[in-house]
Amino acid sequence: MKLIAKEKTSGASIRPELRFFASLFKGGKGQILLSIMLSCLQSLSLLPIAFLVNRAVGIAIPQKNLGSLLAVIGGMAALTLLSGALQLWNKRISIRMIKEAVANLRIQLVKAQLQSSRKYYTKEDLDTLHSRIVQDTFRVDSMAEALFNQAIPGVLITLGLFAVMLKLNWILGLLCLVAAPIFAVGVLNMSHRLKTLIQSFHGDFSRYSKGVKFLLDSNELIKISTAESTEYQRQRDAIENLRSSHSAALWFSSVLHVSQQVLLMLAGAASLLIGGYFVVQGTFSIGELIAFYAALGILNSNARSAIDAVPSLVEGFESLRVLHGILEEAHRDEEHLVAERETTGSTVHLKIEHSIAFEAVSFRYPVANSTKNSTVNGTATGGAAPKDAPLKDAPLIDGIDFSIDIASNEIVTIAGLSGSGKSTLMYLLLGFYAPDKGRILVDGVDLRELSLAEYRRQIGVVLQDPLIFAGTVRENIVYGLESYEEQDLVQACRDAMIYDVILAMEHGFETPIGESGMTLSGGQRQRIAIARALLRKPRLLILDEPTNHLDETLIAQMQSLWTRRDDRHEPGWACIVISHDRILRGLADVSYVLKKGKLLREPSLS
């Protein structure tokens, strides 16, 4: 699968991901510099503490000078308070900076998905994509927190303390400085192993998340298919894999933490042993030894903080790599490129007045990849192919010439066998796909040159399986509109023969209708979708099998939907009806049959 493949590209250069991470803080570079500067100041504020300890133990206490001792203690307290204040100030800045950067990342991901075409979605595993976007942005957030609040301050303070230790005793300081690279190499090697374990955990978590979503979405299918035991075993295997990979990652993270902690403690003990030897030899005072050991203690604490950040940094960077790959893939999508042209004003905005015409349009779907045709939520998953995607590499739409007269509110019906390409024809007309050959002209302008958003606002679409979301009746009907008149809403519902049904509901238009409109019948969902399309006052209305969920009485009552509304002072709409219903086809100005990629005109049925 594409997303998982991106996760495992460990040998690729990390520079693009680092540049991408830095770009998230666009406009906040001053805050980054301020955060680093505060970390440096915090480091500097801790450095004199070791010298104050030396003064207290080496001078004030042996001389029994209580005033000097109190001054030293006061200085240490002041420096500690200053360090704490700087740390809190840095924390406040970094929290605001990080949250803004992560919000920027999430906005980029949302924008990329909104601007992506249907072709993009049909080749991606949407459940895994959902899991990655939600989970990986959180991990990037944690990585940034660890970077700015643990790793950077810890490294800067550690470097400053090395300078103090060299000043107190250059031999001991040099030994610690030589040991540091060896220590760092060990951490780096262990982090590579941790990275592999985290990749495995991320993959298992995505599969588990996808499985749970399938369980919730497909409860009826599972019961109808009596697949409870199969699904139980599938979910149990996914949970076991997740338990195993997460446990392995956590265990190795603990090994990394404890081993580095032990090494730091052993380094402290060795420093004490060597320092004690120098004291015995008379080349090092007790005060200097205690001061050195105090500096080493502070160094160990900050080095440990930086090391504790390693798992979050490794996990977050892997998530950053995946999210960067998702954005790169979305940005290469053809509809995203059109959206970019719209933001620069290089697309054509027009009101549909005359006609929409297909000129020798051909289209085929890419040959389906075997890795994308797995069962519901197995490991080798991929995006679902469109309903009428062919099983072989042959044109689904082959050199079609076809037009609809918008000016005269022409009514066109299209019939065809299942899989013949009727839905694909509709997707081409909506600009969800671009033709492989030929072109689609809107009032003589190539659809590729148009603002797709402006073009689609003038088209009302009712799909065969209406898209209804959890919310109120009103929210479902007015979805996508920035404003509307209440009287227009009422009229659209009357035209769709759903107004009386809505009034009979407990809260009228404000009645919640459940996930996917589960509290409604199939016919009610269909008519709400029709009302949504009519409220847009479209120039073209596309109805995909609009009578599937309607009885004969309603079909007869709703004939005004696909006839010219001459009795009103409104322009009405042209209409494309995808249907086998002979009554509807008898009302059409032109009827077609889509067969073997060709659109064949039928004799009039009226």
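None of the values given here were measured: they were computed from a predicted structure.
Separation of atoms NZ (K437) and CD1 (I397) is listed at 14.0 Å; rounding is to 0.5 Å. In this structure, L430 CG and I440 CD1 are separated by 9.5 Å, a value rounded to the nearest 0.5 Å. For the atom pair CG of D204 and OG of S209, the computed distance is 12.5 Å after rounding to the nearest 0.5 Å. If you take CG on L425 and CG on L594, they are separated by 6.5 Å, rounding to the nearest 0.5 Å.
Legend: salt bridge (charged side-chain N to carboxylate O under 4.0 Å, His left out) pairs involving residues 466-479, not counting sequence neighbours, sorted by first then second residue: R474-E486, R474-E510. Note on residues 396-421: pairs passing ring pair (Phe, Tyr, Trp, His ring centres under 6.0 Å), not counting sequence neighbours, are F358-F402, F402-Y592. Screening residues 347-363 for salt bridge (charged side-chain N to carboxylate O under 4.0 Å, His left out), with sequence neighbours left out, gives E359-R439. Screening residues 500-532 for ring pair (Phe, Tyr, Trp, His ring centres under 6.0 Å) gives no qualifying pairs among residues at least two apart or on separate chains.
For the pair M518/R525, no side-chain contact is recorded, criterion being any heavy-atom separation below 4.5 Å from C-beta on. The shortest distance between side-chain heavy atoms of V412 and D589 does not fall below 4.5 Å. Counting only heavy atoms from C-beta outward, the side chains of L540 and I352 never approach each other to under 4.5 Å. Residues E545 and S579 are in side-chain contact: their nearest non-hydrogen atoms beyond the backbone lie under 4.5 Å apart. Side-chain contact between K595 and L417 is absent, with no heavy atoms from C-beta onward closer than 4.5 Å.
Remark: side-chain polar atoms of S355 are not paired, donor with acceptor, to backbone N or O of D405 under 3.5 angstrom.
D446 is linked by a salt bridge (Lys or Arg N to Asp or Glu O under 4.0 Å) to R448, counting only residues two or more places apart in sequence or in another chain. Residues passing the ring pair (Phe, Tyr, Trp, His ring centres under 6.0 Å) test with F20, sequence neighbours excluded: H324. For K598, the side-chain contact (heavy atoms from CB on, under 4.5 Å) partners two or more places apart in sequence, or in a different chain, are D398, L600. Remark: K537 pairs with D488 by the salt bridge (Lys or Arg N to Asp or Glu O under 4.0 Å) rule, at least two apart or across chains. Applying the ring pair (Phe, Tyr, Trp, His ring centres under 6.0 Å) rule to F469 yields the partners Y479; only residues at least two apart in sequence or on another chain are considered. A search for salt bridge (Lys or Arg N to Asp or Glu O under 4.0 Å) contacts involving R457 returns E454, not counting sequence neighbours. Partners of L463 according to the side-chain contact (heavy atoms from CB on, under 4.5 Å) rule, which considers only residues two or more places apart in sequence or in another chain, are M426, V461, L467.
Ring planes of Y427 and Y433: perpendicular class, angle over 60° (limits at 30 and 60°).
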Run the side-chain donor-acceptor check on residues 497-506: report pairs under 3.5 Å with partners two or more places apart or on a different chain.
none

